[in-house]
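Have a look at the structure below, then the notes.
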Amino acid sequence: MRIATWNVNSVNARLETVLAWVDQAQPEVLCLQEIKCVDEKFPSEPFESRGYNIEVHGQKSYNGVALLSKFPITDVRRGLPGDDTDEQARYLEGLIEAETPVRVAAIYLPNGNPVGTEKFLYKLRWFQRLHNHASELLRLEERLALCGDYNVIPEPVDAKNAAAWKDDALFQPESRAAFRGLISLGLYDSHELGGEPDGTYTFWDYQAGAWQRDHGIRIDFALLSPQAADAFSGIETWRDARDMDKPSDHVPVVVTLTP
DNA sequence: ATGGTAGACCTTCTA
């Protein structure tokens with residue numbers, strides 16, 4: 001089973017681009033981030049006609065995540081536990097009823113810029129909630145894939161020019177420590193399982209010719225439970241998607257698990 | 001030192 005994750009930067013503005021890629025890659029499961037619309041505005045029809053079941057956790061203008069699957073989706077959780085007052089739509093989880101079920105979460109971590117503001121504190125609090133929830137999920141001992149835009153550059157090697165990010169929320173010691181802490185619960189980074197080479201980035205800013213100069217960063221990850229890691233058979237980072245017409249600033253990452 | 005781009009949408013915020 002192929003599980004894709006992609007921050008699309010508005011599913012409606014990006015619809016043709018997203019569908020063109022879906023028709024090419026045909027993942028069985030697709031996690032979308034930054035759909036930037038409420039549930040009712042999600043363009044369900046073209047995905048349903050391609051055989052996807054759809055779950056959406058949307059929000060007006062900002063954020064928003066979706067989970068699409070050619071297998072039935074059950075046990076759906078909208079929103080990350082731990083703060084009932086949090087109104088930002090950044091987490092959607094469901095059980096993919098494949099031959100061997102896989103629990104999949106679509107995650108859009110807060111950006112957190114600028115550092116030193118409430119936004120950065122919100123990012124760290126959100127990370128702590130994700131840590132707590134992931135810890136609970138791991139106790140289930142299921143196949144689990146936590147997929148999405150983590151908005152963290154874990155290591156200098158994950159940026160073309162790490163020095164350029166030293167004041168950015170994505171590269172702060174606290175952000176990087178939170179990511180390491182999550183991994184240390186016993187998750188496996190599919191990028192490392194697949195042995196992808198350095199320079200395999202997933203995001204290039206629209207500004208300042210970042211793509212043309214390959215000033216990229218790796219911030220999109222699929223973190224796997226031990227049971228999912230045992231079934232891991234490959235990872236593809238679709239760099240070419242950054243060169244499509246009307247590209248997202250992120251590219252899709254696809255993880256393959258054996259049946 | 002600054003600006004550069006993209007999207008939602010009403011005017012500025014987010015990234």
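Throughout, protein chains are lettered first and strands after them, A, B, ... in sequence-line order, and every chain is numbered starting at 1.
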For B:dG7, does either OP1 or OP2 sit under 4.0 Å from a side-chain N or O belonging to A:Lys246?
-> yes

note: A:Asn12, atom CG; B:dA8, atom P; distance rounded to Å ~ 7 Å

Pick base, sugar-phosphate or nothing for A:Phe203, based on heavy-atom distances below 4.0 Å to the nucleic acid.
-> nothing

Around atom CD of A:Glu16, are there more than 12 heavy atoms of other residues, nucleotides or ligands at under 6.0 Å?
-> no

Over all atoms of both residues, closest heavy-atom pair of A:Trp165 and A:Gln172 | O-NE2, 4.5 Å

A:Leu15 atom CG is separated from B:dA8 atom P, nearest whole Å, by 12 Å

Would you kindly give the CZ-to-P distance between A:Phe120 and B:dT14, to the nearest whole Å?
-> 17 Å

Separation of A:Trp211 atom CH2 from B:dG4 atom C1', in whole Å?
-> 18 Å

Of B:dT14, B:dG7, B:dA15, the nucleotide closest to the side chain of A:Lys119 is B:dT14

Should A:Lys60 be listed as having a side-chain N or O under 4.0 Å from OP1 or OP2 of B:dA8?
-> no

Rounded to the nearest angstrom, tell me the gap between atom CG in A:Leu109 and atom P in B:dT14.
-> 17 Å

Given B:dG7, B:dA8, B:dA15, the nucleotide with the shortest approach to the side chain of A:Ser61 | B:dA8

Let me know the distance between NZ of A:Lys123 and P of B:dA15, rounded to the nearest Å.
-> 10 Å

Nearest-Å distance, CG (A:Asn7) to C1' (B:dA6)?
-> 12 Å

A:Phe232/A:Tyr188 aromatic ring centres below 6.0 Å = no

Take A:Asn111 and A:Tyr206, find for each the nucleotide of DNA chain B with the closest heavy atom, and name the residue whose nucleotide sits nearer the 5' end.
-> A:Tyr206

Nearest-angstrom distance from the residue atom CD of A:Gln88 to C1' of B:dA15 = 12 Å

Report which part of the nucleic acid A:Arg90 touches: base, sugar-phosphate, or nothing (heavy-atom distance under 4.0 Å, all strands).
-> sugar-phosphate

Taking atom types as modelled and ignoring hydrogens, do the side chains of A:Glu142 and A:Ser225 form a donor-acceptor contact shorter than 3.5 angstrom?
-> no

Can the ring centroids of A:Trp21 and A:Trp6 be said to lie less than 6.0 angstrom from one another?
-> yes

More 5' along DNA chain B: A:Glu34 or A:Pro247, using each one's nearest nucleotide?
-> A:Pro247

Same-atom distance (P) from B:dT2 to B:dA15, integer angstrom | 23 Å

